[in-house]
Amino acid sequence: MKVKTLGQFIIEKQADFPYAKGELSRLLRDIGIAAKIVNREVNKAGLVEILGETGETNVQGEKVKKLDVFANEQFIAAFKAGGEVCAIASEENDDIIPIDSEISKSAKYVVAIDPLDGSSNIDVNVSVGTIFSIYRRKSLSGPGTMEDFLQRGTEQVAAGYVIYGSSCMLVYTTGRGVNGFTLDPSIGEFCLSHPDMKTPADGTIYSINEGNYLHFPDGVKKYIKFCQEEDKATQRPYSSRYIGSGVADIHRNLISGGIYIYPTTTKSPKGKLRLLYECNPLAFIVEQAGGKATDGFRRILDLDVKELHQRTPLFIGSANMVDKAMEFMKTYSSEAAAVKN
Ligand code: P6P
């Protein structure tokens, strides 16, 4: 198959947007460049002194790994240099990062990013990922504002993730399907490897941290037992696969079929994952690939974004599996009562 690089693909697809003047194309290319730099460091993390902790904790109260900081700095630098965004929101930063530079004066977009999701896995050589979400700014001019980020997931212009695993892949959507690119280190280019990705409507994998079982909503407990029942006709029991790195679990389920659930727990009464820069971009991608993403009751992309680091429960993956899990939530979970009232 003729190799098509990310850059060639973006230019080709730009023609689909007659009014596009190339800003989004340049922004996607900027992300690809930063991803290659982060991948290079992730790949040698065991060899250079960037392992271990900085001794600081981020806004999530999580110990910050040096590679977290490095990845955050790389993406912020790429966005500032590219001039296409007027503000950035990052998992690593309490507040938004307004960009007020000459080259960003006419920037049309803002980016929300989780620069290195699952970073606690770096030291044990497990895949980690970057997740990004792009919105058109709502503010009229100057540096971007908080208002530019408090937009529903349905307003996203583009979303994607990078997975730093056995290979480095970039998967993104601009609302016209999902395409996956694999980094070819020999030429230093992301090459189209998974055109027009579609996720199976059914799967036989469920991904959830069962260590929290006692504190799950009843609907989740019932769904887990459903997954574990013997039933040849529906290929149950399903397989339990949980890497502890959401991008890796959701990427595998996107390709093979499956469901990933991070429900409410006592430790995370609103769920653990963040709506703005984890759940919304992942939901946009999975829906574009034919899957579903809800909070157990409501479509993720329809949820109101009220604050930057807002958390939400997440049920995401094969459409029929998400529907089944929602049936159990509707029947057995107290939140259903709350939603009904
Ligand atoms: P737990 C990583 O911190 C993350 O946000 C997701 O990538 C991952 O699936 C989840 O949290 C792991 O959380 O509580 O199961 O260790």
Side-chain angles (χ1 to χ4, degrees), residues 117-118 127 129 131 153-154 156 159-161 163 165 169 171-173 175-180 193-210 216-217 219-263 271-273 275 278-303 312-333:
D117 179 69
S127 302
I131 312 167
T154 44
Q156 290 175 96
Y161 60 78
I163 179 165
M169 274 192 73
V171 175
Y172 82 93
T173 182
R176 294 172 178 233
V178 179
N179 290 283
S193 53
H194 296 66
D196 195 21
M197 296 175 79
K198 292 295 175 202
T199 192
D202 283 298
T204 58
I205 293 171
Y206 70 103
S207 306
I208 187 167
N209 183 343
E210 297 196 43
F216 284 155
V220 171
K221 291 180 179 175
K222 294 281 187 186
Y223 180 66
I224 290 173
K225 291 308 160 204
F226 169 82
C227 292
Q228 294 169 345
E229 280 167 357
E230 293 275 353
D231 178 84
K232 284 205 177 1
T234 53
Q235 294 178 284
R236 286 181 290 148
Y238 296 152
S239 295
S240 172
R241 294 281 184 278
Y242 192 72
I243 300 171
S245 186
V247 172
D249 278 314
I250 291 165
H251 177 72
R252 180 208 50 239
N253 293 351
L254 181 73
I255 292 174
S256 311
I259 184 170
Y260 170 98
I261 302 176
Y262 206 107
K272 178 183 181 187
L273 271 65
L275 178 56
E278 290 175 327
C279 298
N280 268 336
L282 291 168
F284 188 16
I285 293 161
V286 169
E287 281 199 2
Q288 281 287 310
K292 279 195 176 181
T294 77
D295 65 359
F297 303 101
R298 296 160 298 175
R299 187 179 176 227
I300 290 289
L301 296 182
D302 289 337
L303 299 179
T312 175
L314 179 64
F315 295 60
I316 187 169
S318 295
N320 296 345
M321 298 181 86
V322 173
D323 284 343
K324 191 69 186 173
M326 287 176 73
E327 274 174 38
F328 284 100
M329 291 300 282
K330 195 171 165 62
T331 309
Y332 294 102
S333 277

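If you read the sequence from its start, that first residue is 1, and numbering goes on from there.
Here the options are Ile205, Val286, Ile259, the test is side-chain contact (heavy atoms from CB on, under 4.5 Å), and the partner is Asn253; only Ile205 passes. His194 pairs with exactly one of Val171, Leu254, Asn179, Ile255 by the side-chain contact (heavy atoms from CB on, under 4.5 Å) rule, that one being Ile255.
Ring orientation note: the planes of Tyr332 and Phe328 are close to parallel, at an angle under 30° on the 30°/60° scale.
Between the SG atom in Cys279 and the CD1 atom in Ile131 there is a gap of 8.0 Å [rounded to 0.5 Å]. The distance from atom CD1 of Ile224 to atom NZ of Lys221, rounded to the nearest 0.5 Å, is 9.0 Å. Between Lys222 atom NZ and Thr331 atom OG1 the span is 10.0 Å, to the nearest 0.5 Å. One distance of note links OH of Tyr206 with CE of Met321; it measures 10.0 Å at 0.5 Å rounding. One finds the CD1 atom of Ile250 at 4.5 Å from the CG atom of Leu282 (value rounded to the nearest 0.5 Å).
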Original post:
Run the side chain to side chain contact (heavy atoms under 4.5 Å, CB included) check on Phe216 and Ile261 step by step: do they pass?
Top reply: CA-CA 11 Å; Phe216 284 155; Ile261 302 176; over 6 Å; no
Subject >> Derivation of the side chain to side chain contact (heavy atoms under 4.5 Å, CB included) call for Tyr262 and Asp249 >> reply: CA-CA 12 Å; Tyr262 206 107; Asp249 278 314; over 6 Å; no
**OP:** Show the numbers, then the answer: is there a side chain to side chain contact (heavy atoms under 4.5 Å, CB included) between Tyr260 and Arg252?
**Re:** CA-CA 10 Å; Tyr260 170 98; Arg252 180 208 50 239; over 6 Å; no
Original post:
Yes or no on side chain to side chain contact (heavy atoms under 4.5 Å, CB included) for Asp295 and Ile300, after CA distance, side-chain angles and deciding distance?
Top reply: CA-CA 6 Å; Asp295 65 359; Ile300 290 289; 4.2 Å; yes
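Residue Tyr223 comes nearest to Ala325 through the heavy atom pair CD1-CA, 3.7 Å, listed as atom of the first residue, atom of the second, then distance. In terms of heavy atoms, Gly180 sits closest to Met197 at N-SD, 3.9 Å.
Here the side chain of Arg298 pairs no donor or acceptor atom with the backbone of Leu303 at under 3.5 angstrom. Side chain of Thr199 to backbone of Gly257: no donor-acceptor contact under 3.5 angstrom is found. Gln156 places no side-chain N or O within donor-acceptor distance of the main-chain N or O of Phe284, the cut-off being under 3.5 Å. Counting only distance, with no hydrogens or angles, the side chain of Ser318 and the backbone of Pro200 share a donor-acceptor pair below 3.5 Å. With Gln288 contributing its side chain and Ile285 its backbone, the two residues share no donor-acceptor pair below 3.5 Å.
Residue pairs meeting the salt bridge (Lys or Arg N to Asp or Glu O under 4.0 Å) criterion with at least one partner in residues 278-287, sequence neighbours excluded, are Glu287-Arg299.
The environment of Gln235 atom CD is sparse: at most 12 non-hydrogen atoms of other residues, nucleotides or ligands sit within 6.0 angstrom.
No side-chain heavy atom of Glu229 sits less than 4.5 Å from a side-chain heavy atom of Pro237.
Contact check on Lys324 versus Glu327 returns a salt bridge, with a Lys/Arg side-chain nitrogen under 4.0 Å from an Asp/Glu carboxylate oxygen.
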Which pairs of donor and acceptor atoms, one on a side chain in residues 238-248, lie under 3.5 Å apart (sequence neighbours left out)?
from	atom 1	to	atom 2	distance (Å)
Ser245	OG	Ser127	O	2.9

